[in-house]
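So that the names make sense, note that chain A is the first sequence line, chain B the second, and so on, each numbered from 1. Treat the numbers as computed from the prediction; the structure is a model and nothing was measured.
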2 protein chains.
Amino acid sequence: MGEAERQGTVRERLLAAAIEKLAASGPEALQARPLAAEIGASTMAVYTHFGGMPQLLDEVTREGFARFEAGLARVERSDDTIADLLALGIAYRQFALDNQQLYRLMFGLTTPGTRRTKERDLTTAGSPTSLSEGISAFNHLVGAVTRAAESGRIAAADPVAVAGQIWSATHGYVLLEMTGVFGHEGHGLVRTLQPLIINLLVGLGDTRANIEASLARVFATSRRYHHISAPQRGRPSDAGTTATS
Amino acid sequence: MGEAERQGTVRERLLAAAIEKLAASGPEALQARPLAAEIGASTMAVYTHFGGMPQLLDEVTREGFARFEAGLARVERSDDTIADLLALGIAYRQFALDNQQLYRLMFGLTTPGTRRTKERDLTTAGSPTSLSEGISAFNHLVGAVTRAAESGRIAAADPVAVAGQIWSATHGYVLLEMTGVFGHEGHGLVRTLQPLIINLLVGLGDTRANIEASLARVFATSRRYHHISAPQRGRPSDAGTTATS
DNA sequence: CTTCCTCCTATAACGATGTTATGTATCGGT
DNA sequence: ACCGATACATAACATCGTTATAGGAGGAAG
């Protein structure tokens with residue numbers, strides 16, 4: 001393959017090659033020798049610049065959270081706080097699906113080759129809350145929740161806790177969608193994630209009509225997501241066509 | 001260490017040793033040579049009985065889903081359908097936290113040593129929906145949702161979709177809790193998972209008062225979870241104090 | 001009982017991994 | 001122009017999954 005990354009320091013080229021190879025061939029492909037060969041260096045480059053494969057992977061994780069944070073920061077805020085929250089969720093899912101392997105690695109879910117590493121602790125590894133980039137990304141969500149609460153749309157006495165709830169829901173959905181649980185089409189989005197967030201927001205105090213209006217506003221303003229079908233007005237949960245009780 | 005599992009076929013002892021070692025030392029410890037040595041056999045046993053490490057890991061995954069299904073089947077159903085749903089969620093979390101490494105492996109998230117395997121496809125690997133045991137486990141949730149809908153407590157025109165929503169929320173929370181996002185105490189449960197499910201159920205049509213009554217009923221009837229603090233009445237989401245594990 | 005066949009097993013080797021040791025070169029500062 | 005530090009390539013080591021090969025246990029048929 002073309003040994004790309006002709007510019008930048010050896011360290012930067014190694015990191016770029018690792019991220020590229022991760023997305024292309026999965027975590028198993030993150031190996032010292034092929035990576036070094038790809039940039040035209042020898043294996044030692046991994047050790048002089050990172051200290052070993054585990055540290056290189058930590059840097060990949062850090063870079064992943066930085067890109068994640070950048071992706072979330074790109075969603076502009078409006079005067080509709082719930083629409084902003086929904087847009088944030090869409091951006092979240094978009095990043096995760098566009099960078100599946102990276103997303104998994106970021107949350108410590110994939111354990112690449114390097115097993116020499118001594119007991120990579122599950123809790124304190126390269127976890128989101130232990131990385132400043134991860135905290136920064138989460139704070140986008142906390143901020144959106146805080147603004148939504150201040151606007152009176154939802155009740156969030158503890159914005160961090162509410163943000164954790166939304167994060168849990170989105171994170172879980174995204175991972176299940178990645179494993180193909182909801183089918184490989186876009187069904188899962190309108191059938192599961194969308195009603196999930198809507199129902200959660202209803203439970204937080206907003207009305208269903210207002211939420212759906214905000215959701216429509218998101219699709220209207222940002223044509224970046226026009227490939228996602230618009231929501232349908234109606235009752236509680238979702239796609240079903242039957243009448244209510 | 002003590003080469004346990006003196007009874008059973010070589011295949012069964014290998015599988016048992018693998019599950020034990022996984023829980024004790026993480027996925028990196030699932031290696032052919034140490035595993036075979038643990039039961040007093042040679043490395044070849046892995047290949048004559050499984051065909052290779054990937055197939056052995058697939059069997060571990062299958063066994064994990066079988067135990068998961070058994071754990072969910074153990075929750076008895078009452079005439080309070082929402083209480084049954086909540087009990088199911090508690091059992092779900094309990095299994096995940098009691099078998100963290102196994103849980104991660106089950107959902108195809110961990111990629112142990114074996115990288116020789118040719119491109120373990122993310123979507124079609126040992127995923128829940130591709131295993132009959134996994135489908136059976138998920139059906140417990142679908143059934144509980146269906147009964148809750150039939151009882152009129154929630155509106156679920158599409159029980160499978162609603163089950164997918166609840167699954168997403170619980171799955172995401174559990175994984176984030178496992179990585180230590182919500183702190184290493186039990187705070188996350190009452191501060192995040194409990195209000196998350198409550199808010200979701202409110203969005204699905206039930207009233208907050210009824211849900212909290214059902215939750216109290218769960219703690220009352222099943223003393224197996226008495227180490228989890230009871231819910232506090234009140235508004236949407238909030239924090240509270242909890243006990244240990 | 002003998003013979004043969006089939007499975008299971010142990011030993012040893014092969015390729016490839018992360019890592020380390022060692023010697024060499026290249027660069028920057030004084 | 002010298003010197004120290006840093007980066008580099010080569011080669012070796014231990015270990016991994018896997019495979020080839022030969023030996024042995026247990027039953028079925030003669």
Side-chain angles (χ1 to χ4, degrees), chain A residues 1 3 5-18 21-22 24-61 105 110-120 125-126, chain B residues 1 3 5-18 21-22 24-61 105 110-120 125-126:
Chain A
M1 308 306 182
E3 59 226 39
E5 274 67 57
R6 273 248 172 271
Q7 52 189 1
T9 71
V10 174
R11 182 192 157 98
E12 288 169 350
R13 290 189 297 165
L14 258 182
L15 198 55
K21 207 103 186 67
L22 171 65
S25 310
E28 297 92 351
L30 290 185
Q31 297 163 348
R33 264 176 256 255
L35 274 184
E38 194 128 1
I39 68 166
S42 85
T43 318
M44 267 302 294
V46 172
Y47 295 88
T48 55
H49 290 289
F50 295 92
M53 283 303 292
Q55 290 82 354
L56 187 149
L57 293 173
D58 287 345
E59 287 307 308
V60 172
T61 299
L105 182 65
T110 189
T111 309
T114 164
R115 58 193 163 296
R116 169 74 53 141
T117 160
K118 51 189 73 169
E119 300 262 345
R120 259 175 90 89
Chain B
M1 309 309 178
E3 59 227 38
E5 275 69 53
R6 273 250 171 268
Q7 53 188 1
T9 71
V10 174
R11 183 191 157 97
E12 290 168 350
R13 290 189 297 165
L14 258 183
L15 198 54
K21 213 132 190 44
L22 171 64
S25 310
E28 296 92 352
L30 289 185
Q31 298 164 348
R33 265 174 254 257
L35 274 184
E38 195 129 359
I39 69 166
S42 86
T43 316
M44 267 303 293
V46 172
Y47 296 87
T48 55
H49 291 289
F50 295 92
M53 283 303 292
Q55 290 82 354
L56 188 148
L57 292 173
D58 286 344
E59 287 308 307
V60 172
T61 299
L105 182 64
T110 189
T111 308
T114 166
R115 57 192 162 296
R116 169 74 53 142
T117 161
K118 51 190 68 170
E119 299 262 346
R120 260 176 91 90

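- Taking atom CG of B:L35 as the reference point, atom P of D:dT15 lies 17 Å away to the nearest angstrom.
- A straight line from CE of A:M53 to P of D:dT15 spans 20 Å, rounded to a whole angstrom.
- For the pair A:E12 CD and D:dA7 P, the computed distance is 14 Å after rounding to whole Å.
- Within the 4.0 Å cut-off from OP1 or OP2 of D:dC8, at least one side-chain nitrogen or oxygen of A:T48 is found.
- In this structure, A:E28 places its CD atom 14 Å from C1' of D:dG17, rounding to the nearest Å.
- If you measure from atom CZ of A:R13 to atom P of D:dA7, you get 14 Å, rounded to the nearest angstrom.
- Among the nucleotides D:dG17, C:dT9, C:dA21, the one closest to the side chain of A:M44 is C:dA21.
- In this structure, B:H49 NE2 and B:E12 CD are separated by 10.5 Å, a value rounded to the nearest 0.5 Å.
- Within the 4.0 angstrom heavy-atom criterion, no nucleotide atom of any strand lies near B:V46.
- The separation between B:L56 atom CG and D:dC16 atom P is 15 Å, rounded to whole Å.
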Notebook entry, point to check: Which is it for A:E59 and A:L56 under the side chain to side chain contact (heavy atoms under 4.5 Å, CB included) test, yes or no, and what are the steps along the way?
Noted result: CA-CA 5 Å; A:E59 287 307 308; A:L56 187 149; 5.7 Å; no

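- In this structure, B:L14 atom CG and C:dC8 atom C1' are separated by 13 Å, rounded to whole Å.
- The side chain of A:Q31 approaches C:dG18 more closely than any other nucleotide in the set D:dT18, C:dG18, D:dA20.
- Note that NZ of A:K21 and CG of A:L14 are 13.5 Å apart. Values are rounded to the nearest 0.5 Å.
- In terms of phosphate contacts, B:H49 brings a side-chain nitrogen or oxygen within less than 4.0 Å of OP1 or OP2 of C:dT9.
- Here the OG1 atom belonging to A:T61 is positioned 6.5 Å from the CG atom belonging to A:L57, to the nearest 0.5 angstrom.
- Straight-line distance from the NZ atom of B:K21 to the P atom of D:dC16: 11 Å, rounded to whole Å.
- Side-chain atoms of A:Y47 lie closest to C:dT20 of the nucleotides C:dT20, D:dT19, D:dC8.
- Map A:R33 and A:A45 each onto its nearest nucleotide of DNA chain D; the residue landing nearer the 5' end is A:A45.
- From A:E38, atom CD reaches atom CZ of A:R13 across 11.5 Å, with rounding to the nearest 0.5 Å.
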